[in-house]
> 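Have a look at this one before I ask anything.
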Amino acid sequence: MDADQILNGLNEPQRAAVTYGGDYLLVVAGAGSGKTRVLTTRISYLIATGVLLPREVLAITFTNKAAKEMRERLAKMLGAAAHSMWISTFHSACVRILRAEHEALGMRSTFTIYDQADSQRMMKQVLAEENIDSKTYTPKAMAFRVSDLKNEMIQPEEFAASATSKDDVILARAYTAYQNRLRAANAFDFDDLIMQAVLLFRRHPQIAEKYRRRLRHVLVDEYQDTNVAQYQLVRALIGEDRDPLHGKLTVVGDADQSIYAFRGATMRNIQDFEHDFPRAATIVLEQNYRSTQNILSAANAVISHNEGRRAKNLWTDSGAGELLTGYVADSEREEASFVADEIDALRDRCGYRYKDVAVFYRTNAQSRAIEDMLVRAGIPYRVVGGTKFYDRKEIKDALAYLHAIVNPDDAVAIRRIINEPRRGIGDKAEGALTAHARRWQISLGVAIADAAHPDLALGEGRGAVEGLTPRAAKAVTEFGQLLEELREQAAVGAPPAEVIEAMLEKSGYLQMLSTSHDPQDEGRLENLAQLSSVAAEFSLSTPDGTLADFLDDVALVSDTDQIPDPQAAAEGEVVLMTVHTAKGLEFPVVFVTGMEDGIFPHLRAMENLDEMAEERRLAYVALTRARQRLYITWAASRSQWGAPHEQISSRFLQEIPQAVIDWRRDEADVARRSLFDGDRWGGSSSWGRRTGGSAAGSYGRRASKWSDDGDFAPAFGAGTGRGSRSGASSGFVPGKLGGGSVPREQSASSKAQPSFVTSVTDGRSQSTASVDTGDGRLGFAVGDAVAHKSFGQGTILGFEGSGKSTVASVKFASGATKRLMLRVAPLEKL
DNA sequence: CCCCAAGCTTTTTTT
DNA sequence: AAGCTTGGGG
């Protein structure tokens with residue numbers, strides 16, 4: 001593609017941004033103004049005109065998905081050259097740098113990346129060790145504060161020197177100890193990835209220069225969400241302006257969409273850009289190509305209530321469009337029911353498909369009610385984010401095994417799995433190992449090896465591990481040997497999926513789950529099967545990828561990376577997500593739910609002006625995701641912590657000019673609901689078996705809670721509260737109706753029968769045979785009708801992988817297509 | 001050392 | 001409501 005073609009179809013300011021020839025450029029890009037397009041086009045243009053070589057580009061995006069999309073767009077414009085560009089997130093880029101330069105930091109290249117949960121676990125250990133009271137100073141809060149410090153590039157020594165208050169002195173102690181432990185575990189936490197990369201460049205100017213020489217032009221998307229550490233990283237990569245070798249920098253962002261202050265992002269970076277880079281040019285994009293004027297008017301009105309912002313007015317020439325639709329529901333269930341009905345109507349009457357629709361909420365917990373209702377309505381949906389796949393216990397356990405294999409010093413991982421499944425290594429044995437490790441200044445992993453091979457320890461001049469009972473010693477030895485065997489396997493280059501399989505077998509984890517009577521364990525098996533197929537998929541796309549590479553990949557996935565590709569399926573599915581996750585996305589139809597004070601804006605932000613301003617920006621982000629139709633809903637009563645609360649409408653709703661809203665229902669019958677809506681599950685309020693009686697406890701609590709609010713107090717009487725809930729639950733199984741799933745009792749009882757267990761065992765024994773035949777398909781073929789224990793009947797669409805990792809895609813009667821690892825999935829041929 | 005039951009916190013948003 | 005920690009008994 002030549003330069004003229006590349007510029008085709010750009011408006012004036014866009015074109016100016018793309019062709020700008022100076023060193024530093026800030027593009028202030030309002031929502032939907034084509035910023036991603038400007039970014040990709042600018043890269044193409046600079047390359048097509050010979051200003052820049054592909055390998056000199058570093059483009060930083062917010063998510064891996066955005067990086068992938070950008071690379072695809074560039075490949076369309078530039079062809080193969082797109083592959084030599086460096087396009088990634090801050091975190092991925094830093095991992096790459098840190099792996100390459102680990103020696104300069106005194107780390108081993110096999111370092112582990114700790115996620116938030118790992119950090120908190122480690123902080124908990126640190127607090128215990130430092131005798132810091134973890135009731136007053138919770139691991140969570142401490143880990144959070146350490147994260148803040150790292151995002152601001154404040155080092156432990158530095159912070160310790162400046163700490164004066166008691167709390168800060170304690171925090172300084174914890175931070176120092178935490179950081180030492182991380183290092184001993186050969187691990188970085190999320191914030192370290194950035195901070196250590198900056199420190200690396202600071203302490204080793206020649207390394208910084210190496211990258212600076214190569215990366216001549218850095219482009220940063222979503223610049224308003226960068227934090228101090230990320231800013232310094234960019235500065236380090238660009239170098240000093242007076243240095244003739246300095247790189248060029250293009251940043252794109254919109255201060256009105258800055259929504260990550262809670263993780264250290266600072267709008268200062270975008271606001272002070274011209275000050276930081278004195279010769280910088282600024283180009284503002286205000287023409288919006290996404291939404292109708294009514295949607296923009298609503299969004300503009302809301303954001304205009306924030307003070308001290310650079311005035312900006314989004315406009316469109318695409319016309320007013322539909323009015324926004326407003327709806328006041330009586331309860332969150334009814335709100336969800338409105339959403340479900342409306343989705344059906346949009347499909348029937350307006351020709352929208354499921355994938356055109358997105359439902360947003362402020363907090364993940366709100367998805368529950370909506371999911372329940374969509375299931376009942378038979379509407380296919382996908383929840384993006386929330387309790388992530390990788391946060392599930394069994395997945396974290398499996399990953400901990402893998403981390404322990406790759407990085408023998410990873411104490412958090414080893415502690416997690418040392419007795420999972422139960423192998424007789426309890427607190428006492430673990431304590432003995434820890435004591436041994438501390439005494440000889442070695443890691444927990446080495447201590448385990450010492451126990452397994454006392455001769456080896458003696459060879460190093462250490463004594464034997466003391467304080468282990470013979471029984472525990474045997475267990476530790478076996479555990480150590482297990483890790484060694486798996487390490488061996490990984491070392492000779494076995495693909496990740498194979499290591500996972502072997503690990504699940506040899507550790508007894510699979511055994512534990514498949515013989516368990518806990519109904520949840522069936523799902524856990526499926527999740528592990530899915531992990532294995534994710535690994536198999538990874539090997540397909542990255543044939544040379546090692547187990548360590550796979551773990552990096554997994555550590556850095558983000559919620560948005562899981563959003564279904566709109567091209568993929570004809571109908572697709574409705575997507576549900578938080579507003580944060582929705583940033584950067586757009587949908588023809590958007591429902592913004594829970595527009596209530598205390599929810600959105602969130603309660604925790606109500607007392608602080610800065611946080612309120614951020615909530616307002618969040619609302620702005622939510623509204624500007626919609627292309628054609630925008631729904632805003634709220635519920636007059638919403639259950640939280642298991643009890644209903646009266647709600648009032650969000651202040652943001654009142655900031656929208658009422659002329660652009662068509663209120664489908666503008667008032668809730670609060671009094672009526674207060675009397676009758678005692679139950680949030682199963683719609684029992686309409687058939688109510690209300691026995692009253694047992695509600696005394698909760699009644700008392702609520703009466704006192706609301707007594708300041710005189711209006712509501714009298715509305716409560718016998719019949720509200722939990723009595724009705726227990727009454728209803730005896731005759732009604734909430735959720736999971738329709739959608740082709742098996743009713744709960746049935747799946748639970750069939751679980752108790754040996755059939756499931758044998759199907760797993762069968763799978764395993766046959767798979768041994770399948771190694772001989774090589775296909776691993778266990779007698780299944782494309783087109784076969786099959787039955788699954790929890791998904792019902794379906795048809796096999798195809799296979800992926802081979803041998804033990806063979807995965808079948810099965811389309812089920814519910815419409816869902818699942819990928820199942822044949823060896824463990826409870827799948828039967830019909 | 002393991003299991004179970006009772007009690008306690010939890011919900012802001014995430015790379 | 002649900003998941004997790006804590007404490008007592010086996």
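Here is the naming used below: chain letters follow the sequence lines, and residue numbers restart at 1 for every chain. Just so it is clear, the model here is predicted, and its values are computed rather than measured.
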> Given dT13(B), dT15(B), dT11(B), identify the nucleotide with an atom nearest to the side chain of Arg263(A).
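The listed nucleotide nearest to Arg263(A)'s side chain is dT15(B).
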> Is the shortest side-chain N/O distance from Arg422(A) to OP1 or OP2 of dC3(B) below 4.0 Å?
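For Arg422(A), the contact criterion (side-chain N or O under 4.0 Å from OP1 or OP2 of dC3(B)) is met.
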> Please work out if Glu614(A) contacts a base, only the sugar-phosphate, or nothing of the nucleic acid, heavy-atom cut-off 4.0 Å.
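Nothing, no nucleic acid heavy atom in range.
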> Between Glu430(A) and Arg415(A), does any side-chain N to carboxylate O distance fall below 4.0 Å?
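So Glu430(A) pairs with Arg415(A) through a salt bridge.
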> Would you say Ser147(A)'s side chain and Ala143(A)'s backbone share a donor-acceptor pair under 3.5 angstrom?
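Here the side-chain-to-backbone pair does not exist.
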> Taking 4.0 Å as the cut-off, does a side-chain nitrogen or oxygen of Asn419(A) come that near to OP1 or OP2 on dC2(B)?
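Yes, such a contact exists.
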> Could you pick out which residue, Gly426(A) or Ile259(A), lies toward the 5' side of DNA chain B when each is mapped onto its nearest nucleotide?
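This one resolves to Gly426(A).
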> Select base, sugar-phosphate, or nothing to describe what Ala429(A) touches, counting heavy atoms under 4.0 Å on all strands.
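Sugar-phosphate contact only - Ala429(A) comes under 4.0 Å of backbone atoms but never of a base.
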> Can you measure Tyr361(A) atom OH to dT13(B) atom P for me and round it to whole angstrom units?
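Taking OH of Tyr361(A) and P of dT13(B), I get 10 Å after rounding.
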> Would you tell me if any nitrogen or oxygen in the side chain of Ser639(A) comes within less than 4.0 Å of OP1 or OP2 on dA1(C)?
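Answer no for this pair, as no side-chain N or O of Ser639(A) is under 4.0 Å from OP1 or OP2.
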> According to the 5.5 Å centroid and 30° plane-angle thresholds, does Phe262(A) stack upon the nucleobase of dT13(B)?
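Stacking is present between dT13(B) and Phe262(A), given that their ring centres fall under 5.5 Å apart and the planes under 30°.
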> Mapping Lys428(A) and Phe90(A) onto DNA chain B by nearest heavy atom, which one lands closer to the 5' end?
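Closer to the 5' end of DNA chain B: Lys428(A).
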> List the steps, then state whether salt bridge (Lys or Arg N to Asp or Glu O under 4.0 Å) holds for Arg423(A) with Glu478(A).
CA-CA 9 Å; Arg423(A) 50 171 69 87; Glu478(A) 281 168 9; over 6 Å; no
> Using a cut-off of 4.0 Å on non-hydrogen atoms, how would the nucleic acid contact of Asp427(A) be classed: base, sugar-phosphate, or nothing?
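Sugar-phosphate, no base atom in range.
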> If you only use heavy atoms from C-beta on, which nucleotide in dT14(B), dT11(B), dT15(B) is closest to the side chain of Arg604(A)?
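That would be dT11(B).
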> Output yes when at least one side-chain N/O atom of Lys140(A) is less than 4.0 Å from OP1 or OP2 of dT11(B), else no.
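Yes, such a contact exists.
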> Please determine, by modelled atom types, if Asp225(A) and Gln230(A) share a side-chain donor-acceptor pair under 3.5 angstrom.
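Result is no, nothing qualifies.
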> Scan Phe62(A), Phe262(A), Phe360(A) and name whichever one has a ring pair (Phe, Tyr, Trp, His ring centres under 6.0 Å) with His580(A).
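The passing option is Phe262(A).
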> Choosing from dT15(B), dT13(B), dT11(B), which nucleotide comes nearest the side chain of His580(A)?
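For His580(A), the side-chain atoms sit closest to dT13(B).
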> Strictly below 4.0 Å: does Asn364(A) bring a side-chain N or O up to OP1 or OP2 of dT13(B)?
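So the side-chain polar atoms of Asn364(A) do come within 4.0 Å of the phosphate oxygens OP1 or OP2 of dT13(B), strictly under.
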> Output yes when at least one side-chain N/O atom of Thr63(A) is less than 4.0 Å from OP1 or OP2 of dT15(B), else no.
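So the side-chain polar atoms of Thr63(A) never come under 4.0 Å of the phosphate oxygens OP1 or OP2 of dT15(B).
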